[in-house]
Number of protein chains: 2
Amino acid sequence: MLLSKSSVYGIRASLYLAAHNRGQYNSIREVSEELDISFHFLTKILQNLTADNLMESYKGPNGGIRLSAKGRKATLLDVVIAIDGPDLFVECALGLPGCGSSDPCPLHNNWAMVREGIKDMLARTTLEEMAKEGKANKFRITPDGHFSWQ
Amino acid sequence: MLLSKSSVYGIRASLYLAAHNRGQYNSIREVSEELDISFHFLTKILQNLTADNLMESYKGPNGGIRLSAKGRKATLLDVVIAIDGPDLFVECALGLPGCGSSDPCPLHNNWAMVREGIKDMLARTTLEEMAKEGKANKFRITPDGHFSWQ
DNA sequence: ATTATTTAAGAGTTTAATGTCTTTAATATA
DNA sequence: TATATTAAAGACATTAAACTCTTAAATAAT
C-alpha cells in the first residue's frame, strides 16, 4: 500500500471530523465506531495530529476531538506527514542514501515527478473543502460504504 | 517507502544482471556482495523471478543466475509484480474494498492518475535498455556508490 | 467531594516483513 | 566415484507495524 494504515486511518478520521465539525468535540469512540477503526489505535494516531496542532482534544464529559482552525485549512499531505513523517516525499525510490541529482539512481528523475504527483494528490485542497466535496459526492470513506456525511 | 525492500533488492539485482549478462551465469553470492544485499535473502527474492521465468538459475559449479530472454525484455514493473504482486497497482489508495468508479473514495480519481504515473515510471523501458542507460550515465545502484557497470 | 466520562500514557500482543542459518539437491570436475 | 560448488528449501530470529488492554489524568455534573 502507498500509505501506512496509520496514515489512512488519520485521513479518514480527519475527513469525518471536517464533515462533522460544528465547533463542538466529537468523541474518539464515536469516530472509531463510525469508521470501523480500533478505538485505542485511533486514539494514538490522533495524538500525532493534536501534537501538530491540526486537532484539539478535550478530556472529560462532552470532551473529544475536533479539527483546529489550522486543521481545517490543512491538507491530507499535512496529515500524512504528521503521522508518518516526510520520508515518502524525501527518500530515493530505491532507498539509496547517496542518491541525488548529482549522483542519481536509475529512477531518480522519474521518481521526482511521480512524487510530486503524489504530493499534489494529497495537497490538492483543504480538509474543509474536501468535506464539502465529500458531502456533495457521497464519497466512500468506510469499508462497508455505510457512512453519513450529513 | 513506495516499494518493499524485497522489490528494491529485486530491481537492483535485475539491473546488475542486465548489465553483466554475457550468456553465462552470475553467482548469487557475487551479486549479493556487489550490491550489499544479504545473500540468503536475495536468493529467496530471486526465486520469485525465476518462478516467473524472468530469470534462469543453474545449480553446481559455474552455476548461478541470469536474465532470461523474457527477462531482458521485461520492465521493473514486471519485477515488482513478480515479487510483491499487483496490489499496489490495483488497490484503493485508502484500502477500501468497495471503492471503485461507481462508488469512489475521495482519492479515487487522483489516485488512478498517480498510479499510472508509478506504472509508467517502472514500465518506461526494458531491463536491457536500462542497463545501457546505466552504463552511459553511471547510475547509482548501491548504498555506497561503489559499483562498476562495466 | 464523588462519580461518570473522556483523552493520555504506557505496557503488552500479534502479524507481517525482513534477515539468518542449516540442510538438501543438483551438477561439474577431478 | 568422490569432492567441491552452487541454488533451493525450510526452520528460525529479529524488527517494525498494527492492534489490544490497563491505568492515569483531566473535567463536568451531581
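Naming: A, B, ... by sequence-line order, numbering from 1 per chain. What you are looking at is a predicted structure, and each value in this text was computed from that prediction instead of being measured.
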The contact string for nucleotides 22-30 of chain D, one letter per nucleotide 5' to 3', using protein heavy atoms under 4.0 Å with B, S and - for base, sugar-phosphate only and none, comes out as B--BBBB--
So, is [X] near the phosphate of [N], with a side-chain N or O under 4.0 Å from OP1 or OP2?
| X | N | result |
| --- | --- | --- |
| B:Thr43 | D:dA9 | no |
| A:Ser57 | C:dT7 | no |
| B:Ser38 | C:dT20 | yes |
| B:Ser6 | C:dT18 | yes |
| A:Ser27 | C:dT5 | no |

Take the protein atom [atom1] of [X] and the nucleotide atom [atom2] of [N], then report the distance between them rounded to whole Å.
| X | N | atom1 | atom2 | result |
| --- | --- | --- | --- | --- |
| B:Leu42 | D:dT6 | CG | P | 15 Å |
| A:Arg66 | C:dT6 | CZ | C1' | 15 Å |
| B:Gln47 | C:dA25 | CD | P | 15 Å |
| B:Tyr9 | C:dT20 | OH | C1' | 13 Å |
| B:Asn48 | D:dA8 | CG | C1' | 13 Å |
| B:Leu3 | C:dT18 | CG | P | 11 Å |
| B:Met55 | D:dA8 | CE | P | 11 Å |
| A:Ile37 | D:dT20 | CD1 | C1' | 16 Å |

Give a yes or no on whether the backbone of [Y] and the side-chain of [X] come within a donor-acceptor separation of less than 3.5 Å.
| X | Y | value |
| --- | --- | --- |
| A:Asn137 | A:Phe139 | no |
| A:Thr50 | A:Asn53 | no |
| B:Trp149 | B:Ala136 | no |
| B:Ser7 | B:Ser4 | no |
| A:Arg140 | A:Pro143 | yes |

For residues 58-67 of chain B, please give each side-chain donor-acceptor pair under 3.5 Å, one per line with the distance, not counting sequence neighbours.
| unit_1 | atom_1 | unit_2 | atom_2 | d |
| --- | --- | --- | --- | --- |
| B:Arg66 | NE | B:Glu56 | OE1 | 2.9 |
| B:Arg66 | NH1 | B:Gly23 | O | 2.6 |
| B:Arg66 | NH2 | B:Tyr25 | OH | 3.4 |
| B:Arg66 | NH2 | B:Glu56 | OE1 | 3.3 |

D:dC19, D:dA9, D:dA7: which one has an atom nearest the side-chain heavy atoms of B:Phe39?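 From the listed options, D:dA7 comes nearest.
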Using the side-chain heavy atoms of A:Lys44, tell me which of these nucleotides is nearest: D:dT20, C:dA8, D:dA8.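 The closest nucleotide is D:dT20.
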Electrostatic pair B:Glu133-B:Arg124, nearest N-O below 4.0 angstrom: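 So B:Glu133 pairs with B:Arg124 through a salt bridge.
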Heavy-atom side-chain contact between B:Leu88 and B:Leu3 under 4.5 Å: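 With C-beta onward as the side chain, the pair touches.
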Hey, are the side chains of B:Leu35 and B:Leu42 touching, using non-hydrogen atoms and a 4.5 Å cut-off?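 Answer no - side chains too far apart.
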Using the side chain to side chain contact (heavy atoms under 4.5 Å, CB included) definition, which of the options A:Leu17, A:Leu46, A:Leu49 pairs with A:Leu54?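 That would be A:Leu49.
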Contacts to DNA chain D from residues 71-90 of chain B, heavy-atom cutoff under 4.0 Å, which residues?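 None - not one residue of the stretch has a heavy atom sitting under 4.0 Å from the strand.
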